[in-house]
J.: 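Structure below; questions to follow.
In this text the structure is predicted, and so the values were computed from the model without any measurement. Computed from heavy atoms alone, side chains included, the values below leave out hydrogens, waters and symmetry copies.
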Amino acid sequence: MGRSRRTIPEELLLLALDPATGTTAQPQSLDLGLAGAQLVELALAGRIAPDGDRIAVVHPRPTGDPTLDTALELLRRRGSPVRAVHWIGGPRLGLRQTYLTHLERCGMVHAVAGQMCGVLPTTRYQATDTAISREIRTRLDSAIRTGVPPDPRTAALAALAHAVGLGKHLYPGNEGRSSRSRLRDLIRHDPMGGLVAHAVMDVQNGVGAQPRRPAATAGATGGSGAPGRRAAVRSRAAAPAEAAAAQPVREGVMARAGAS
């Protein structure tokens, strides 16, 4: 994958970056959105494809983007399709900071050191070229205003922006209500973006985080209920193990303290 175009994770992060404060809107859900955006970008690159509510690797060749290739390799190691909700809900230590550092290396943002309460060191990020952010925003605005089906990249970006709650950041207040509604509606224009966006929202709502346990029957637990309890323990233990397998590998970048 060449660097002639920005990736969807990069664009999502630039959309979330507040030009006035240098912080990111919706930081917690944004981490989930970035993990989902990686899946969409890999799908657009032909490396993965949806398989029902799961993600399957169809072409393991690296893209040339180190951060995306880390995710692709982790998916490949799974050996079988993984549910999108489990992948996105896995630990995402440092993913937002990884992309902020990446944008800084690419010259799209620059770090501004500061202090919180005059004591704790903090780092804020300012866009170095606001025209890039304006171009991204213009694409979303155009899709919302014209009603013309957007290209897959813009549709996926809109779906993820809605899923992580950026609608109220981009189109605030009562005057932005109709725009937020139309942003949500753009989710239908890209199947992969829609799948991932719904998985992001499911994780935030606690849906699908763990395998469902079958309802207990009269003979399932016997007198003491011990077998049933052991089955429940095994079920609960499976989810952290599955999530840990999806944890991204850090690129050796130490997260700057206080980055928002």
Side-chain angles (χ1 to χ4, degrees), residues 1-41 63-71 74 88-141 157 160-173 176 200 203-204 244 246-260:
M1 175 184 296
R3 296 302 300 152
S4 59
R5 74 165 71 198
R6 295 176 299 274
T7 64
I8 293 177
E10 293 166 5
E11 293 196 329
L12 183 65
L13 187 51
L14 287 171
L15 269 182
L17 196 62
D18 189 315
T21 65
T23 61
T24 52
Q26 305 297 110
Q28 295 179 336
S29 57
L30 184 59
D31 290 341
L32 302 176
L34 290 172
Q38 287 183 319
L39 294 180
V40 176
E41 191 65 48
T63 66
D65 181 303
T67 309
L68 290 175
D69 288 340
T70 295
L74 287 170
I88 291 169
R92 299 293 161 197
L93 297 177
L95 186 57
R96 182 164 28 107
Q97 183 59 50
T98 293
Y99 270 106
L100 283 168
T101 303
H102 169 71
L103 290 177
E104 185 181 16
R105 284 200 307 266
C106 293
M108 286 190 250
V109 302
H110 69 276
V112 180
Q115 288 184 330
M116 180 183 297
C117 301
V119 179
L120 298 175
T122 63
T123 304
R124 299 289 184 262
Y125 292 86
Q126 300 288 344
T128 56
D129 186 352
T130 56
I132 295 176
S133 297
R134 285 199 302 269
E135 183 272 329
I136 299 170
R137 175 67 179 271
T138 297
R139 282 165 41 212
L140 284 186
D141 290 346
L157 180 63
L160 287 162
H162 166 70
V164 303
L166 286 185
K168 59 186 177 183
H169 167 70
L170 298 171
Y171 308 103
V200 169
V203 172
Q204 293 180 80
Q247 180 173 340
V249 178
R250 293 196 182 192
E251 296 179 350
V253 179
M254 295 297 291
R256 286 183 172 87
S260 298

J.: Minimum heavy-atom separation for M108 to L14, with atom names?
T.: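 Heavy-atom minimum between the residues: SD-CD1, 4.0 Å.
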J.: Donor-acceptor pairs under 3.5 angstrom involving side-chain atoms of residues 28-36: please list them, not counting sequence neighbours.
T.:
from : atom 1 : to   : atom 2 : distance (Å)
S29  : OG     : Q26  : O      : 3.4
S29  : OG     : V164 : O      : 2.7
D31  : OD1    : R96  : NE     : 2.9

J.: In Å and rounded to the nearest 0.5 Å, what is the CG to CZ distance from L100 to R124?
T.: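 Going from CG on L100 over to CZ on R124, the span is 11.5 Å.
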J.: What distance separates H110 NE2 from L103 CG, expressed to the nearest 0.5 Å?
T.: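 Output value for this atom pair is 13.0 Å.
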J.: Checking side-chain contact (heavy atoms from CB on, under 4.5 Å) for the pair Y125/L13: CA distance, chi angles, key distance, verdict?
T.: CA-CA 11 Å; Y125 292 86; L13 187 51; over 6 Å; no
J.: Can you name the nearest heavy-atom pair linking A127 to L17, along with the distance?
T.: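 Heavy atoms of A127 and L17 come nearest at N-CD2, 4.2 Å.
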J.: Measure across G64 and D69 and return the closest heavy-atom pair with its distance rounded to 0.1 Å.
T.: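 What the structure gives for the nearest pair is N-OD2, 3.0 Å.
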J.: What distance do R6 atom CZ and C106 atom SG have between them, rounded to the nearest 0.5 Å?
T.: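 Atom-to-atom, R6:CZ and C106:SG are 11.0 Å apart.
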J.: Among all residues two or more places apart in sequence or in another chain, which pass the side chain to side chain donor-acceptor pair (under 3.5 Å) test with T130?
T.: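 Residues passing side chain to side chain donor-acceptor pair (under 3.5 Å) with T130: R134.
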J.: Got a second to check how far I132's CD1 is from E135's CD, nearest 0.5 Å?
T.: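 So the gap between those two atoms works out to 8.5 Å.
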J.: Do T24 and Y99 have side chains that approach each other closer than 4.5 Å (heavy atoms only, starting at C-beta)?
T.: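 A side-chain contact under 4.5 Å is absent here.
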J.: Taking the side chain as everything from C-beta on, heavy atoms only, tell me whether T70 gets closer than 4.5 Å to Q38.
T.: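 Answer no - side chains too far apart.
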J.: Which heavy atom of D65 sits nearest to which heavy atom of E10, and what is that distance?
T.: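 For D65 versus E10, the nearest heavy atoms are OD2-OE2, 4.4 Å.
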J.: To the nearest 0.5 angstrom, please state how far the CG atom of L15 sits from the CG atom of L170.
T.: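 Going from the CG atom of L15 to the CG atom of L170 covers 5.5 Å.
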J.: Look only at the side chain of T128 and the backbone of G107, and say whether a donor-acceptor pair between them is shorter than 3.5 Å.
T.: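 Here the side-chain-to-backbone pair exists.
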J.: Apply side-chain contact (heavy atoms from CB on, under 4.5 Å) to T7 and T67, showing your working.
T.: CA-CA 11 Å; T7 64; T67 309; over 6 Å; no
